[in-house]
Amino acid sequence: MADEQSSANEQQLQEESSCDVVMVRVGIDVGNTAIKVVTQSSPTDGKAKASHDRGPLLRSISLRDPEWITKCVEHLKSLAEQLSGCESSDCESVCYDVRVASVNRGSAEPLVVALDEAFFNCIRVRFVTHEDVAMAIDVSFPERVGIDRLLGAEAAFRRHAAPLIVVDAGTTVTVDFVSAEGIFRGGAILPGLEMQTAALAAGTDALPKLDWASHRCREMPEGPGRDTVAAMRLGVLASVAGAVERLLRIYGGAATLVVTGGDAGCLVDALPAECDAVEEPHLVAQALLDLLPLE
């Protein structure tokens with residue numbers, strides 16, 4: 001139903017010229033624990049041009065928040081008011097061109113329905129698929145590779161020197177290899193920081209559930225953990241960072257290391273300096289904007 005209405009909206013936007021003041025380009029990366037919304041206006045007039053020059057706006061919303069869909073809609077409405085100085089429902093002022101990448105269709109589909117209802121004929125929404133990825137994919141089953149992995153790899157290839165190793169540190173940690181020719185060669189998948197600590201807490205009576213968002217995780221302990229929380233943080237960080245180091249050697253070593261995802265900062269600081277890791281926390285969302293050319 002959401003796809004049908006979005007298709008109709010897209011056709012109407014193409015046929016009419018009422019949305020000629022500001023077209024807001026929106027990329028929404030729907031993960032397992034959060035969505036990331038990146039927005040940028042097309043410079044169709046001086047006011048929009050000023051906003052465009054400030055670069056993309058990024059917003060992360062936790063899926064644990066029961067109001068996450070409402071907050072996403074309100075975020076876009078607020079942006080419209082900033083750009084045009086009028087209500088976002090006014091089609092003569094603001095419209096939205098949205099691309100959605102999702103590894104969590106159960107959350108993505110109700111979000112698309114809500115966006116269609118909120119903005120009606122001022123929005124076009126389309127799910128990104130493997131057909132939108134220009135990068136060659138050299139794996140056994142290309143259609144089974146998560147769209148987030150492919151988009152992150154493609155965005156990293158556009159922005160950094162290849163060959164590349166792209167680490168996405170989120171609910172899971174993926175460590176993917178992109179050749180010097182820009183070919184996605186596959187990679188490895190392991191549990192993320194929160195998933196590992198949740199497993200420790202679930203499998204024992206004494207260990208607490210560690211909330212990485214509320215801890216100063218970027219301070220990697222220099223020695224043994226002197227309390228339970230420190231010991232858990234050290235063990236989990238060391239396991240993920242050690243896995244990444246090992247995979248660098250398996251993949252050949254001489255490659256640009258790019259780290260993205262919600263836990264990118266924790267992982268970059270846990271890696272040794274010689275890895276020379278580049279932190280790019282919003283690669284997938286940026287890749288979605290790349291798919292939306294300026295008009």
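We number each residue from 1, following the sequence as shown. The figures here come from the full heavy-atom set of this structure, side chains too, leaving out hydrogens, waters and symmetry mates.
Here Pro142 pairs with Ile137, Val139 under the side-chain contact (heavy atoms from CB on, under 4.5 Å) rule; sequence neighbours left out. Applying the side-chain hydrogen bond (donor to acceptor under 3.5 Å, both in side chains) test to Glu181 and every residue at least two apart in sequence or in another chain returns Ser179. Remark: Ser107 pairs with Asn104 by the side-chain hydrogen bond (donor to acceptor under 3.5 Å, both in side chains) rule, at least two apart or across chains. With sequence neighbours left out, the salt bridge (charged side-chain N to carboxylate O under 4.0 Å, His left out) criterion links Arg149 to Asp176.
Atom CD1 of Ile147 and atom CD of Glu131 lie 10.0 Å apart (nearest 0.5 Å). Within the model, atoms OG1 of Thr197 and CZ of Arg233 stand 11.0 Å from one another, a figure rounded to the nearest 0.5 Å. In this structure, the separation between CD1 on Ile123 and CG on Leu76 is 7.0 Å, given to the nearest 0.5 Å. Distance OG/Ser102 to CD1/Ile35: 10.5 Å, rounded to 0.5 Å. To the nearest 0.5 angstrom, Ile61 atom CD1 is 10.0 Å from Ile69 atom CD1. Here the straight-line distance linking atom CG of Leu257 with atom CD of Glu279 works out to 11.5 Å at 0.5 Å rounding.
The shortest side-chain heavy-atom distance between Val258 and Ile165 does not fall under the 4.5 Å cut-off. Looking at Val278 and Val259, their side chains never come closer than 4.5 Å, going by heavy atoms from C-beta outward. The side-chain heavy atoms of Asp97 and Val24, taken from C-beta on, include no pair separated by under 4.5 Å. In this structure the side chain of Ser62 never reaches within 4.5 angstrom of the side chain of Trp68, judged on heavy atoms. At a threshold of 4.5 Å between non-hydrogen side-chain atoms, the residues Leu288 and Val128 count as touching. With a 4.5 Å cut-off on side-chain heavy atoms, Met135 and Leu150 do not count as touching. Side-chain contact between Met232 and Gln196 is absent, with no heavy atoms from C-beta onward closer than 4.5 Å. With contacts defined as side-chain heavy-atom distances shorter than 4.5 Å, the pair Met23/Arg124 qualifies.
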Give the C-alpha distance, both sets of side-chain angles, the deciding distance and a yes or no for salt bridge (charged side-chain N to carboxylate O under 4.0 Å, His left out) between Glu109 and Arg105.
CA-CA 6 Å; Glu109 290 177 353; Arg105 297 283 290 206; 3.4 Å; yes

Would Phe127 and Arg99 count as a side chain to side chain contact (heavy atoms under 4.5 Å, CB included) if you check the C-alpha gap in whole Å, the side-chain angles of each, and the deciding distance to 0.1 Å?
CA-CA 6 Å; Phe127 282 99; Arg99 294 294 180 271; over 6 Å; no

For side chain to side chain contact (heavy atoms under 4.5 Å, CB included), just list the numbers for Leu151 and Val133, CA-CA rounded to whole Å, side-chain angles, deciding distance to a tenth of an Å, and then say yes or no.
CA-CA 7 Å; Leu151 289 174; Val133 178; 4.3 Å; yes

Working for salt bridge (charged side-chain N to carboxylate O under 4.0 Å, His left out), residues Asp290 and Arg25
CA-CA 10 Å; Asp290 292 343; Arg25 303 154 65 233; 5.9 Å; no

Apply side chain to side chain contact (heavy atoms under 4.5 Å, CB included) to the pair Thr174 and Val166, showing each step before the final yes or no.
CA-CA 8 Å; Thr174 57; Val166 183; over 6 Å; no

List the steps and the verdict of side chain to side chain contact (heavy atoms under 4.5 Å, CB included) for Val167 and Leu267.
CA-CA 9 Å; Val167 180; Leu267 182 55; 3.7 Å; yes

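Put simply, the side chain of Lys36 gets close to the backbone of Pro281: a donor and an acceptor are under 3.5 Å apart. With Glu154 contributing its side chain and Ala134 its backbone, the two residues share a donor-acceptor pair below 3.5 Å. Between the side chain of Asp116 and the main chain of Val113, no donor-acceptor pair closer than 3.5 Å is present. Looking only at distances, a side-chain donor or acceptor of Thr256 sits under 3.5 Å from a matching main-chain atom of Ala161. Side-chain atoms of Asp263 never come within 3.5 Å of backbone atoms of Cys266 as a donor-acceptor pair (strictly under, hydrogens ignored).
Nearest heavy atom pair, residue Val178 against residue Ala153, reads CG2-CB, 3.7 Å. The two atoms that bring Val145 and His130 nearest to each other are O-NE2, 2.7 Å, heavy atoms only. Nearest heavy-atom pair across Ala34 and Ser60 is CB-OG, 4.1 Å. Gly261 and Asp168 make their closest contact through CA-OD1, 3.4 Å (heavy atoms, listed as atom of the first residue, atom of the second, distance). Summarising the geometry of Cys72 relative to Leu111, their closest heavy-atom pair is SG-CD1, 3.9 Å, with the distance given to 0.1 Å. Closest of all the heavy-atom pairs between Arg226 and Ala230 is N-CB, 4.0 Å.
Within the structure, salt bridge (charged side-chain N to carboxylate O under 4.0 Å, His left out) pairs that include any residue of residues 133-146 comprise Asp138-Arg185 (at least two apart or interchain).
Under a hydrophobic clustering in which Ile, Leu, Val, Met, Phe, Trp and Tyr are joined whenever their side-chain heavy atoms come within less than 4.5 Å, directly or via other members, Val240 and Val229 fall into the same cluster. Cluster annotation: Leu283 and Leu291 are assigned to the same hydrophobic cluster (Ile/Leu/Val/Met/Phe/Trp/Tyr, side-chain heavy-atom contacts under 4.5 Å, transitive). By the criterion of side-chain heavy atoms lying less than 4.5 angstrom apart, applied directly or through intervening Ile, Leu, Val, Met, Phe, Trp or Tyr residues, Val26 is grouped together with Leu63 in one hydrophobic cluster. In the hydrophobic clustering of this structure, Leu200 groups with Leu190; members are Ile, Leu, Val, Met, Phe, Trp, Tyr whose side-chain heavy atoms approach within less than 4.5 Å, directly or through other members. Val73 and Val112 end up in the same hydrophobic cluster when Ile, Leu, Val, Met, Phe, Trp and Tyr side chains are linked at under 4.5 Å.
No hydrogens or angles considered: nothing links the side chains of Glu194 and Thr171 as a donor-acceptor pair under 3.5 Å.
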Could you tabulate the donor-acceptor pairs under 3.5 Å formed by side-chain atoms of residues 241-255, not counting sequence neighbours?
from, atom 1, to, atom 2, distance (Å)
Tyr251, OH, Val175, O, 2.8
Tyr251, OH, Ala188, N, 3.3

